[in-house]
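What follows is a short report on a single structure.
The first residue of the sequence shown is numbered 1, and numbering continues consecutively from there.
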Amino acid sequence: MAEKKQSFLGGAAILAGGAAVVKLIGAAYKIPLNNILGEVGKTYFNTAYEIYNVLLTISTAGLPLAISRLTSQARARGRENEKRKIFRVAIWLFFAMGLVGSVFMFFGSERLAAFQNNSMAARPIRALSPAVFCVCLLACMRGYTQGQGNMTPTAASQILEALCKVCLGLPLAWYVLEKLNMPLEAGAAGAILGVTAGTVLSMFFMAFYLFRHQDTMKSSDVPPGSGYLISRILAIGVPITLSNSAMSVITVMDTKIVLGRLQNGLGLSQLEAAALKGQYNYAMDMVNMVVAFAYPVTISLLPAASAALARKDHKQADDIISSAFRVVALLSFPAGVGLCVLSTPIMRLILPARPQAALAAGPHLRVLAFSCILIFLMVLTNAILQTYGKEIIPIFTVIAGGLVKITMNYILVGNPLISIHGAPISTLCCYGTIVALNFIFVWKYSPKKPRYIALFAKPVLASAMMGVAAWAAYGLTARVFSHGGEISFSQNALATLIGIGAGVLVYGVLIIALGILRADDVRSISHGEKIIRILRLK
């Protein structure tokens, strides 16, 4: 493969740009889909996706990162033959895992749905099962290209995957429900077929890319045996997989407990419980759309920092990690504060066809907004610990947080005075536990101790001032438009956009005025030097 060198921040910028496009496309998919399916159909969709996500995480969470790390290390040492053999060995490993996962999901769909206390989700689960096989091969190919410092194919394939969901899944869900008058579970299955088709198309794109960019660089190194390479992939990947899949498994158990407690603890029907869970899912969708921007930073962090450590360049590794902290702080704090102060207006904006559900989801989002910040920090600190070879620690911190989440959900959701409002509270406490533990271990094992207060003080201050500006701008505009009466959808939409615009403007000024953004943070990205000159960064 013709190598294209990209710095950590350059790679992160490419993936972040790709993630921005993917999230915009995803919004064009999820927002109309939520309005089409409603709360109940949304729960069917999410139940299937959570099952898929467990198998997906087990197959792809840690092993592609292991391939990325081993590839970047071999590349840093000039061992081209070893780099190519890593990929050849890994692709067969992923082929086997993907096949097993797809077969299990397809033939076990009814039992999996029943386990989740949501029997109507069986059809969506079957519709999603082929995606497990395709996404396994896709993850292997992405890990290989990322390990060579080239993030462009990953970003392009993600955009292609997202486009397919919109162009196929959304029309299919609408047609099944509106034209064929089929039940909600069939509509959810139609929407999920778009996800499956997207993974298939994206897989073929990555295969074509690798075929067109075959690596022909000569090298005299003798690669290790296949057995040794598999053992290295598993040794690095399995602990990461366990830490990441632990959260996916906990999410499945969480859904089972929430739906179970609503039905058994409060005496609701399966349909009523699904409707309440769907309102919570609406709010969680907003959080998930935002936190997707954490992953480009960490995906680019791991190979870049690993390569620096392989060269014994601890200073560069520390600089990369410090930049990652600053970038995550710049993204996460304003995102969380913005979602909090404009929670109900945002939900009303994105759910025009479900106004009552939007009002019910607003309080969920207000709490989950702070979870958004914590998820950013969890993803980053997990990656830092993995970079320093402490892959086992995130397993235990995630399990600790998961136990908090499950216990609190069982207690709170089963309380008739709290009900479904216990779900976002338990989610917040879960991620708070994980981040607190991760911070302790990152400080313990980092050669250069991170100064958390110095890293986060200015972003917190700027985000708080941004939040006040957004809240005030929305409130003032809403009063002017409504003349003290009930605000309409169009009035709320315009007031919300004005509030967001005011917040963005204030925050943009503050990150420059307070010196939060540094020249080193943008120098490596496209047109970085020009940005430094325009903003007069130091």
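- The minimum heavy-atom distance between L368 and A283, with the atom names listed, is CD1-CB, 3.8 Å.
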**OP:** Could you please spell out the steps behind the side-chain contact (heavy atoms from CB on, under 4.5 Å) verdict for K390 and I393?
**Re:** CA-CA 6 Å; K390 306 297 180 181; I393 291 175; 3.8 Å; yes
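- Under the 4.5 Å side-chain criterion, counting only non-hydrogen atoms from C-beta, M378 is in contact with N382.
- A donor-acceptor pair is defined here as one N or O able to donate and one able to accept, closer than 3.5 Å; no such pair exists between the side chain of S446 and the backbone of W443.
- Two residues are said to be in side-chain contact when any heavy atoms from C-beta on lie closer than 4.5 Å; V291 and V379 fail this criterion.
- Counting heavy atoms from C-beta on, the side chains of V287 and L365 come closer than 4.5 Å.
- A side-chain donor-acceptor contact under 3.5 Å links T47 to the backbone of T43.
- E50 and T255 share a side-chain donor-acceptor pair at under 3.5 Å.
- Considering only heavy atoms from C-beta on, M253 comes within 4.5 Å of F115 through its side chain.
- Relative ring orientation between Y452 and F439 is described as parallel, the plane-to-plane angle staying below 30° on a 0-90° scale split at 30° and 60°.
- Nearest approach of A191 to L33, heavy atoms of both residues: CB-CD1, 3.5 Å.
- Atoms CZ and OG, on F107 and S129 in that order, are 8.5 Å from each other to the nearest 0.5 Å.
- Formation of a donor-acceptor pair under 3.5 Å by the S202 side chain with backbone atoms of S157 is found in this model.
- The ring of Y431 has its center no closer than 6.0 angstrom to the ring center of F370.
- Rounding to the nearest 0.5 Å places CG of L37 at 14.0 Å from CH2 of W174.
- The backbone N or O of L455 lies less than 3.5 Å from no partner atom in the side chain of K458, so there is not a single donor-acceptor pair.
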**OP:** Kindly indicate, with the supporting measurements, whether the criterion ring pair (Phe, Tyr, Trp, His ring centres under 6.0 Å) is fulfilled by Y49 and Y52.
**Re:** CA-CA 5 Å; Y49 207 87; Y52 163 73; 5.3 Å; yes
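- For the atom pair OG1 (T196) and CG (L201), the distance works out to 12.5 Å, reported to the nearest 0.5 Å.
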Subject >> F376/F333 under side-chain contact (heavy atoms from CB on, under 4.5 Å): CA gap, chis, key distance, verdict >> reply: CA-CA 9 Å; F376 265 92; F333 287 105; over 6 Å; no
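- Within the 3.5 Å criterion, the main-chain N or O of R142 finds a donor-acceptor partner in the side chain of T145.
- Heavy atoms from other residues, nucleotides or ligands lying under 6.0 Å from CZ of F205 number more than 12.
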Original post:
side-chain hydrogen bond (donor to acceptor under 3.5 Å, both in side chains) between T427 and Y280: does it pass, once the steps are laid out?
Top reply: CA-CA 11 Å; T427 298; Y280 169 75; 2.8 Å; yes
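- Looking at every heavy atom in both residues, M203 comes nearest to L137 through SD-CD1, 3.8 Å.
- The only member of Y445, F325, F441 that meets side-chain contact (heavy atoms from CB on, under 4.5 Å) when paired with I384 is F325.
- With hydrogens and angles disregarded, a donor-acceptor distance shorter than 3.5 Å links the side chain of S102 to the backbone of F133.
- To the nearest 0.5 Å, the span separating CG on L170 from NZ on K30 amounts to 13.0 Å.
- Across S332 and I373, no two heavy atoms sit closer than the pair O-CG1, 3.3 Å.
- A donor-acceptor pair is defined here as one N or O able to donate and one able to accept, closer than 3.5 Å; no such pair exists between the side chain of T71 and the backbone of I86.
- Contact check for P130 versus V200: no side-chain heavy atoms found under the 4.5 Å cut-off.
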**OP:** Kindly determine whether N46 and K42 satisfy side-chain hydrogen bond (donor to acceptor under 3.5 Å, both in side chains), including the steps that lead there.
**Re:** CA-CA 6 Å; N46 270 38; K42 175 65 177 174; 3.3 Å; yes
Subject >> Check against side-chain contact (heavy atoms from CB on, under 4.5 Å), L377 and F456 >> reply: CA-CA 11 Å; L377 296 174; F456 298 138; 3.9 Å; yes
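- Among all heavy-atom pairs drawn from N34 and Y282, the shortest one is O-OH, 3.1 Å.
- Residues Y144 and F87 place their aromatic rings such that the two centres sit under 6.0 Å apart.
- Between the CG atom in L112 and the CD1 atom in I51 there is a gap of 4.5 Å [rounded to 0.5 Å].
- S463 places no side-chain N or O within 3.5 Å of a backbone atom of V460 that could act as its donor or acceptor partner.
- Across all non-hydrogen atoms, the minimal contact from I434 to T397 is CG1-O, 3.3 Å.
- The CZ atom of R123 lies 12.5 Å from the CD1 atom of I125; values are rounded to the nearest 0.5 Å.
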